[in-house]
Amino acid sequence: MLALMDSFQATIDADGRIEPRDAMPEGYRKTLIRQIAQHAHSEIIGMQPEGNWISRTPSLRRKAILMAKVQDEAGHGLYLYAAAETLGVDRAELLDLLHAGKQKYSSIFNYPTLTWADIGAIGWLVDGAAIVNQVPLCRCSYGPYARAMVRVCKEESFHQRQGFEILHTLCNGTEAQKAMAQDALDRWWWPSLMMFGPPDASSTHSEQSMAWGIKRHSNDELRQRFVDMTVPQADVLGIRVPDDGLRYDEETGHYSFTQPDFTELYEVVKGNGPCNEQRLAHRVKAHEDGAWVREAAAAYAGKQAQKKASAA
Amino acid sequence: MNDLFTYTLRLGDDALIAAQRTAEWIAAAPQLEEDVALGNIGLDQLGQARSLLQYAGQLEGAGRSEDDLAYFRDEREFTNVQLVELPNGDFAATMARLLYFATYQHLLYEELRGCADETLAGVAGKAVKEVAYHVDHATQWVLRLGDGTEESHRRMQAGLDAMWPYTAELFASDDLVRRLDVAVDPSTLEEEWLRRVTQVIEESTCSMPTSSYQHSGGRQGRHSEHLGYLLAELQHIARSHPGAQW
Amino acid sequence: MSGSGSLIEPLWEVFVRSRRGLSHVHVGSLHAPDATMALRNARDVYTRRQEGVSIWVVPAADITASSPDEKDEFFDPAGDKVYRHPTFYQVPEGVDHL
């Protein structure tokens with residue numbers, strides 16, 4: 001066993017990949033399950049704020065794009081649950097933990113989508129931030145998670161673009177449309193910055209995750225990368241990032257910006273965001289309403305197997 | 001030319017309203033795999049609707065786009081059958097409707113892909129493969145729910161019964177389809193449709209619905225009360241910003 | 001909360017042939033009550049972007065895997081023959097038929 005653990009550390013040190021049946025420290029396994037499950041939960045809860053607009057898209061082309069995007073999120077949830085299951089948990093258990101409020105999902109999805117422009121803002125900012133977070137995960141030390149992320153990142157590249165395109169169209173449209181775009185940026189900017197988690201100084205899981213090669217960059221590093229990437233895009237759109245402290249620093253080549261109010265993040269994580277209860281209730285209802293369907297499918301499979309056995 | 005416009009519009013409206021209902025399942029399906037499957041089906045239906053409405057706009061020659069036709073017509077101008085506008089009900093009712101509707105569409109598109117109008121034939125040729133998959137999906141679920149548990153059997157039967165009185169309208173013939181060479185007279189599809197649907201229902205251990213009353217009027221723009229709400233939701237942003245691009 | 005809601009469906013491993021002439025490659029897994037549904041779910045979940053022309057689904061429970069404990073005697077003898085394995089060679093993204 002000791003030798004196997006040595007081989008775990010040697011693999012990590014050599015920047016190799018850990019695969020499902022390898023020996024691994026219990027903490028590594030637990031951290032991964034927690035993180036992958038949270039990631040998977042975020043994908044499926046994330047279907048709701050955007051799903052909220054599928055019936056109301058302002059054009060049929062937008063309807064097709066949005067349906068495909070929300071559907072992708074279900075698919076991404078599936079890839080991620082599958083990755084978590086290689087660590088010896090079952091998707092049904094993870095869903096139960098989500099439904100019981102014992103596992104978290106990204107707090108960003110606890111904010112409401114109030115106008116059509118919010119669909120643009122989610123694609124541009126939320127998916128943009130997610131991509132910044134996820135690209136390094138494609139090199140995560142755990143093979144199944146890394147492979148799932150490669151697939152997710154590939155598919156999500158269209159998600160961010162379609163969001164930007166929505167806002168770009170609005171910003172070049174009527175006054176009302178432009179105001180809608182600005183309002184969306186005003187509301188989504190700060191929650192998007194919070195998506196990178198608490199500042200490094202107060203992040204609880206970061207150090208060990210970095211050592212294990214699960215996490216590759218610190219929260220603050222990724223947040224900075226996101227701001228540097230996004231601000232010039234806002235300029236192209238012609239809408240204003242709602243931060244009076246935002247300045248480009250010629251010397252460092254980075255933007256300096258105001259940190260979001262993390263007490264809000266902690267409140268939303270605790271369950272006190274605008275849509276926490278609504279999101280979870282919707283998810284639980286879909287699951288419970290579907291129980292009889294899943295039971296029926298299992299019963300049918302049992303009957304068919306029996307028929308086959310008695311025929312043989 | 002006007003007949004062809006009206007005919008194409010009927011097919012497009014069926015597909016559009018069906019897509020709007022199917023999409024309501026996304027993020028609410030019984031399992032994640034089904035969210036993805038229904039997403040695919042909804043996207044197929046929407047794709048058919050867009051091609052058909054776009055073509056209808058061209059045929060009309062009044063400069064109306066797919067969006068003008070989808071977003072700026074009122075209830076009475078929609079010519080879809082009532083079957084597709086009914087609320088989804090539970091998963092069994094949705095699968096019952098999909099079985100009825102997709103089986104009809106499959107027979108229809110099979111005929112239509114050989115028609116003299118190149119565009120319609122092209123749309124039908126692509127769509128026939130899509131709806132074949134919808135029929136299969138509905139069939140798989142009707143079998144499982146019908147022959148699953150006691151509860152699922154009861155719900156499946158209820159779903160089949162609830163949607164049944166809206167099926168005759170699919171096959172209603174009128175002057176237009178008889179006059180228009182390109183059109184498939186839907187009454188010619190009914191026998192084969194009944195044979196296929198019966199086979200699935202019997203295998204599922206459910207009984208054939210017995211209700212004799214049948215609703216009608218969709219093709220003439222006489223709908224159930226449900227369509228108004230569906231359209232209000234579908235159209236409200238576009239109508240709040242007339243002339244805007246999206 | 002739990003109970004009927006947590007019904008556990010079998011897990012299926014999914015293999016997709018991306019085009020004719022290539023072998024099936026493992027792409028992930030999914031849950032389904034039976035093989036028929038597993039195949040259909042695999043089509044919907046793993047080939048939304050025309051990723052495949054053929055799909056295999058295999059009950060995960062039916063896969064016999066080598067164990068990490070046997071790693072040395074199983075694989076070390078082949079360790080100096082990595083050139084036997086095409087996967088050893090790095091293929092840049094976008095290069096096919098290799």
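We name chains A, B, ... by the order of the sequence lines, and we start the count at 1 in each one. What's counted below: heavy atoms across the whole structure, side chains too, no hydrogens, waters or symmetry copies.
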Item to check | Backbone of A:A296 reached by a side-chain donor or acceptor of B:R144 within 3.5 Å | outcome: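 Checking the backbone N and O of A:A296 against the side chain of B:R144, no donor-acceptor pair under 3.5 Å is found.
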May I ask you to name which of [options] has the most heavy-atom pairs under 4.5 Å with chain A?
{"options": "B:D35, B:L16, B:V36", "result": "B:V36"}
{"options": "B:M156, B:H236, B:R155", "result": "B:R155"}
{"options": "B:L38, B:D90, B:N40", "result": "B:N40"}

Checklist entry - Run the side chain to side chain contact (heavy atoms under 4.5 Å, CB included) check on A:L60 and B:L53 step by step: do they pass? => result CA-CA 10 Å; A:L60 296 185; B:L53 292 180; 4.1 Å; yes
[atom2] on [Y] to [atom1] on [X], rounded to 0.5 Å:
{"X": "A:I44", "Y": "B:L32", "atom1": "CD1", "atom2": "CG", "answer": "5.0 Å"}
{"X": "A:H287", "Y": "B:Q31", "atom1": "NE2", "atom2": "CD", "answer": "10.5 Å"}
{"X": "A:I65", "Y": "B:L43", "atom1": "CD1", "atom2": "CG", "answer": "10.5 Å"}
{"X": "B:E34", "Y": "A:R294", "atom1": "CD", "atom2": "CZ", "answer": "11.5 Å"}

Among [options], residue most engaged with chain B (heavy-atom pairs, under 4.5 Å):
{"options": "A:K303, A:M47, A:E73", "result": "A:K303"}
{"options": "A:L78, A:D72, A:T174", "result": "A:L78"}
{"options": "A:N172, A:D289, A:I45, A:T169", "result": "A:T169"}
{"options": "A:A297, A:S59, A:G51, A:A299", "result": "A:S59"}
{"options": "A:K285, A:Q304, A:R91", "result": "A:R91"}

Checklist entry - Which bit of B:A92 is near chain A, if near means a heavy-atom gap under 4.5 Å: side chain, backbone, both or neither? => result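 Contact with chain A is through both the backbone and side chain of B:A92.
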Item to check | Side chain, backbone, both or neither of B:L234 within contact of chain A (heavy atoms, under 4.5 Å) | outcome: both
Next on the checklist: In the structure I gave you, are the side-chain heavy atoms of B:L143 and A:Y300 within less than 4.5 Å of one another anywhere?
Outcome noted: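 A side-chain contact under 4.5 Å exists here.
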Checklist entry - So, do B:W246 and A:L170 sit near enough that their side-chain heavy atoms are less than 4.5 Å apart? => result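 The answer is yes, as the side chains (C-beta and beyond) meet within the 4.5 Å cut-off.
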Next on the checklist: Assess the residue pair A:V293 and B:W141 against the criterion (side chain to side chain contact (heavy atoms under 4.5 Å, CB included)); give the C-alpha distance rounded to whole Å, side-chain angles, the decisive distance to 0.1 Å, and a yes or no.
Outcome noted: CA-CA 9 Å; A:V293 176; B:W141 275 117; 3.5 Å; yes
Checklist entry - Hey, is CZ on B:R73 packed in by over 12 heavy atoms from elsewhere, all under 6.0 Å? => result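 It does: B:R73 CZ has more than 12 such atoms within range.
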Item to check | Heavy atoms of other groups near B:F72 CZ, more than 12 under 6.0 Å | outcome: yes
Checklist entry - Side-chain donor-acceptor pair under 3.5 Å between A:S55 and B:E233, yes or no? => result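 B:E233 and A:S55 do have a side-chain donor-acceptor pair below 3.5 Å.
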Item to check | Residue-level interface, residues 75-83 of chain B with chain A, non-hydrogen cut-off under 4.5 Å | outcome: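 Those residues of residues 75-83 of chain B which would need a heavy atom under 4.5 Å from chain A do not exist here.
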Item to check | Residue A:R62 versus chain B: region with a heavy atom under 4.5 Å | outcome: side chain
Closest approach of [X] and [Y], non-hydrogen atoms and distance?
{"X": "A:T57", "Y": "B:Y71", "answer": "O-OH, 2.8 Å"}
{"X": "A:M67", "Y": "B:G42", "answer": "CE-C, 3.4 Å"}
{"X": "B:A27", "Y": "A:A286", "answer": "O-CB, 4.1 Å"}

Item to check | Step-by-step side chain to side chain contact (heavy atoms under 4.5 Å, CB included) determination, A:Q177 to B:Q245 | outcome: CA-CA 9 Å; A:Q177 285 178 304; B:Q245 298 297 307; 5.6 Å; no
Checklist outcome for this item: Among residues 104-116 of chain A, those lying within the under-4.5 Å heavy-atom range of chain B are A:W116
Checklist entry - Does the pair B:D67 and A:R61 meet the rule for a side chain to side chain contact (heavy atoms under 4.5 Å, CB included), with working shown? => result CA-CA 9 Å; B:D67 286 336; A:R61 175 174 172 268; 5.7 Å; no
Checklist entry - Tell me, which pairs form a salt bridge (Lys or Arg N to Asp or Glu O under 4.0 Å) where one or both residues lie in residues 109-120 of chain A, sequence neighbours left out? => result A:D118-A:R187
Checklist entry - Can you list the residues that meet the salt bridge (charged side-chain N to carboxylate O under 4.0 Å, His left out) rule with B:E85, with sequence neighbours excluded? => result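 B:E85: no salt bridge (charged side-chain N to carboxylate O under 4.0 Å, His left out) contacts found.
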